[in-house]
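Down below is the structure, laid out as structure tokens.
Reminder, nothing fancy here: chain letters follow the sequence lines and each chain counts from 1.
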Number of protein chains: 2
Amino acid sequence: MARPPAARSKCLDAYISLLCEEGERAATLEATASRAGVSKGGLLYHFASKEALAVGVIESTEEHVQLDLTRMSEVPEGASVYYVRTSAEVDTELDRHLVAVQRLAQAGVISASEMLKDVHSRWFQLILDEVGDQSIAHLVILIGEGLYAHLATPGSWYQSTFDGRLQELLDLVPQLKKLK
Amino acid sequence: MARPPAARSKCLDAYISLLCEEGERAATLEATASRAGVSKGGLLYHFASKEALAVGVIESTEEHVQLDLTRMSEVPEGASVYYVRTSAEVDTELDRHLVAVQRLAQAGVISASEMLKDVHSRWFQLILDEVGDQSIAHLVILIGEGLYAHLATPGSWYQSTFDGRLQELLDLVPQLKKLK
DNA sequence: GTCTATAAAAAGATAGAC
DNA sequence: GTCTATCTTTTTATAGAC
């Protein structure tokens with residue numbers, strides 16, 4: 001079978017969930033194995049070390065990112081609105097992966113930092129292609145980043161104040177192009 | 001002496017630096033003591049546990065936040081521009097403290113999450129008082145958040161693309177009020 | 001492929017000397 | 001106040017049975 005075994009996927013998914021929900025420190029081999037429903041030995045068969053687990057997350061993330069970039073360049077609403085809208089989407093597979101990669105980056109995993117840097121520059125390029133102005137493109141990126149930062153922080157302030165106001169925000173995005 | 005001893009401050013500062021630069025996992029008692037130039041025993045005299053160290057960070061942060069909020073409500077440039085401008089300031093004492101608190105929040109320290117939530121709602125209120133519209137106030141908050149998120153990520157994408165363009169961005173902020 | 005048992009190192013914390 | 005020594009628990013990783 002060319003397809004990777006189900007247990008491997010379960011381990012990766014458990015690790016990502018732990019990174020997102022409880023942070024890098026809590027994402028131990030034991031906790032990951034337990035959440036995946038396997039033993040520590042079982043986990044270490046599929047991922048020989050902690051580092052291998054991180055590599056697995058990053059590779060899996062790259063696939064989701066590729067899909068997202070393709071879609072972003074094709075949607076009729078335009079790259080900017082697509083970017084801000086999807087930045088506010090929580091619990092998508094892409095979002096879970098990116099939060100996990102961010103946690104790894106903050107824990108000092110170099111390849112995770114490099115991936116985030118690369119993804120951001122690719123998003124920026126697509127937005128710049130649409131809006132045609134560097135400053136406006138930066139503004140759009142920062143709004144999405146801010147949104148993402150809030151949503152990626154459990155129990156964040158947004159939940160009480162921002163909830164339900166996303167549409168109003170999205171309506172403002174196309175108008176940003178009129179600035180200057 | 002009513003003033004806390006210098007060694008205590010050094011320990012707190014070392015812990016904050018480690019949280020910011022290497023993440024929560026790397027900020028061990030041993031690493032903190034070493035960076036502060038004391039032994040593990042010396043560190044544990046001032047902070048009886050890891051939790052006490054986190055409490056120390058949060059208390060110290062609260063003081064810096066108070067000063068910032070007072071200044072934000074008084075500056076002639078207005079709360080919005082002040083907020084976005086200072087969000088881009090890296091290596092200030094306030095910024096270092098807030099990054100440290102964010103790391104703790106992501107590691108599951110509840111009081112750190114609560115502090116961040118509280119700070120954000122106070123910033124939001126001052127901005128809302130100035131701009132008078134909820135959606136615009138959210139936009140301003142998100143731009144600052146995005147800026148902060150980039151700067152708080154070492155080796156971030158901003159350094160190559162965004163560097164030197166801050167003034168252009170700040171010039172756009174007052175114009176956001178004209179939207180809608 | 002998956003498990004149990006176990007080793008080796010690191011981390012948090014205590015006790016007591018100075 | 002600060003240090004060294006020590007203990008306990010946790011974490012990563014290995015070995016080998018099934």
Exercise. Start with the C-alpha distance between H138(B) and E168(A), add both sets of side-chain angles, then the distance that settles side chain to side chain donor-acceptor pair (under 3.5 Å), and finish with yes or no.
Key: CA-CA 10 Å; H138(B) 277 126; E168(A) 293 176 30; over 6 Å; no
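Going from atom CG of L43(A) over to atom P of dT11(D) covers 14 Å, rounded to whole Å. Between the CZ atom of R8(A) and the P atom of dT2(C) there is a distance of 12 Å, given to the nearest Å.
Annotation: side chain of R96(A) is not in contact with side chain of T92(A) (no heavy-atom distance under 4.5 Å).
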Quiz item: How would nucleotides 4-18 of chain C be written as a contact map, 5' to 3', with B for base contact, S for sugar-phosphate-only contact and - for no contact, using protein heavy atoms under 4.0 Å?
Solution: B------SBBB----
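When only modelled atom types and interatomic distance are considered, E145(A) and H120(A) share a side-chain donor-acceptor pair under 3.5 Å. In the model, Y83(A) has no side-chain atom that pairs as donor or acceptor with a side-chain atom of D68(A) under 3.5 Å.
Between Y45(B) and the phosphate of dT2(D), there is no side-chain N or O to OP1/OP2 separation shorter than 4.0 Å.
The main-chain N or O of V57(A) is never found under 3.5 Å from a side-chain atom of S60(A) such that the two would form a donor-acceptor pair.
Listed by residue number, there are no residues of residues 10-19 of chain B with a heavy-atom contact under 4.0 Å to DNA chain C.
Shown here for P5(A) and H46(A), the closest heavy-atom pair between the two residues is CG-CE1, 3.6 Å. Scanning all heavy atoms of the two residues, the minimum distance from I136(A) to L176(A) falls at CD1-O, 3.5 Å.
Between dG1(D), dC3(D), dG1(C), one nucleotide has an atom nearer to the side chain of H46(A) than all others, and that is dG1(C).
R25(B) is linked by a side-chain hydrogen bond (donor to acceptor under 3.5 Å, both in side chains) to E24(A), counting only residues two or more places apart in sequence or in another chain.
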